Every structure is written in C-alpha cells, then in structure tokens.
Amino acid sequence: MTAIIAWLVLSTTPLVAGNAQHGEVLYQRYCSGCHGTDGRGGGKGFMPHVGALTRKGYIDLIDDASLAMVIAEGGEAMGKSGFMPSWKATLSKDDIADVIAYIRSLPLSDGPQ
C-alpha cells in the first residue's frame, strides 16, 4: 500500500530536472556495481547479469516517475527484481533526480546487452 501511494505521489509530481554531473557521482557509487559503470549492465556486484539501462526500447520507454519509484522503493515495488534495493533512506529526491538525469545522458544502444 505504501508503494502504491508513493507511486501516485511521484507520478503526479514532475521531477525537477536533475544535475547529471552530480548524478554520475551517485550512480558510480550506488548503481554501477550491478548496472555497470556505463549503464550497459554486467557490473561486478553480487548480481552481474543485470540488463543494460542503455538499451533502446527499454529505458527510453520508462518515464522519470517510474524510474524514481524503482530507485526509491526498490525493484519489487514496481514488479521488477527484488534484488534491486530501495535507496530512499540513502538518496534524497534531488539525488534520485540527479541519478535519473545521468542515466538519461548515457548513449542508447541498439544491440543486446
């Protein structure tokens, strides 16, 4: 229930354009272990088979509010992998917007990753 309420709030509240430069620092610290340093997946974390964030037809179809929800609440809250942790106790809303801005700055790829 809490996840649904959070999603509703996030989906009706537009995110402030984040700072991709700050987002890169946060991404490298908290995300790259699983999602790879360049967003192409295959990070050295406990779950190296994470798919690419840079695949066309995937990340470009996910709106910012949904990305924010996954980052804040964890994968399971959005029907994704339960291995994706919740970062809401670590990252502020502005930090999450910055991470999303960085992810959006990564070049998209056509190939499987």
Side-chain angles (χ1 to χ4, degrees):
M1 182 69 162
T2 302
I4 293 169
I5 292 170
W7 180 82
L8 288 171
V9 169
L10 286 171
S11 66
T12 59
T13 305
L15 294 177
V16 177
N19 177 331
Q21 188 174 15
H22 182 243
E24 179 178 12
V25 173
L26 296 171
Y27 176 91
Q28 295 304 330
R29 181 171 184 181
Y30 298 109
C31 311
S32 67
C34 292
H35 291 287
T37 58
D38 58 2
R40 293 178 172 255
K44 303 287 185 203
F46 67 94
M47 193 174 163
H49 61 280
V50 171
L53 293 175
T54 57
R55 191 175 70 242
K56 281 184 187 174
Y58 175 69
I59 198 70
D60 50 334
L61 300 178
I62 302 173
D63 62 79
D64 288 355
S66 295
L67 283 176
M69 179 70 174
V70 170
I71 295 168
E73 299 296 329
E76 193 170 11
M78 292 295 287
K80 299 199 174 288
S81 172
F83 288 109
M84 168 72 186
S86 166
W87 292 103
K88 67 184 173 190
T90 304
L91 300 173
S92 69
K93 287 183 182 181
D94 288 341
D95 289 340
I96 291 171
D98 293 349
V99 170
I100 292 169
Y102 174 69
I103 291 169
R104 297 286 188 212
S105 76
L106 296 170
L108 297 179
S109 172
D110 287 318
Q113 298 173 33

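For the single chain, residues carry numbers from 1 onward in sequence order. As the structure is a prediction and not an experimental result, all values here were calculated from the model.
From Leu106, atom CG reaches atom OG1 of Thr37 across 9.5 Å, with rounding to the nearest 0.5 Å. To the nearest 0.5 Å, the span separating CD1 on Ile62 from CE on Met78 amounts to 8.5 Å.
Not a single donor-acceptor pair under 3.5 Å links the side chain of Asn19 to the backbone N or O of Asp98.
When all heavy atoms of Arg104 and Asp63 are compared, the closest pair comes out as NH2-C, 3.6 Å. In plain terms, the two heavy atoms of Arg40 and Ser109 that are nearest each other are NH1-OG, 4.0 Å. Across all their heavy atoms, Asp60 and Arg55 have their closest contact at OD1-O, 3.9 Å.
Between Asp38 and Thr54, every side-chain heavy-atom pair lies at or beyond the 4.5 Å cut-off. Here the side chains of Val99 and Leu67 are not in contact, with every heavy-atom distance at 4.5 Å or above. A 4.5 Å side-chain heavy-atom check between Glu76 and Met84 finds every atom pair outside the cut-off.
Surrounding CD of Gln28 are more than 12 heavy atoms belonging to other residues, nucleotides or ligands, all under 6.0 Å away.
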Could you go step by step and tell me if Thr90 and Asp95 meet the side-chain contact (heavy atoms from CB on, under 4.5 Å) rule? CA-CA 9 Å; Thr90 304; Asp95 289 340; over 6 Å; no
side-chain contact (heavy atoms from CB on, under 4.5 Å) for Leu53 and Tyr27? Distances and angles first, verdict last. CA-CA 12 Å; Leu53 293 175; Tyr27 176 91; 3.9 Å; yes
Evaluation steps, side-chain contact (heavy atoms from CB on, under 4.5 Å), between His22 and Asp94: CA-CA 10 Å; His22 182 243; Asp94 288 341; over 6 Å; no
Ile103 vs His35, test: side-chain contact (heavy atoms from CB on, under 4.5 Å). Steps then yes/no. CA-CA 11 Å; Ile103 291 169; His35 291 287; over 6 Å; no
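Both Tyr58 and Tyr102 are members of a single hydrophobic cluster when ILVMFWY side chains are connected at heavy-atom separations under 4.5 Å.
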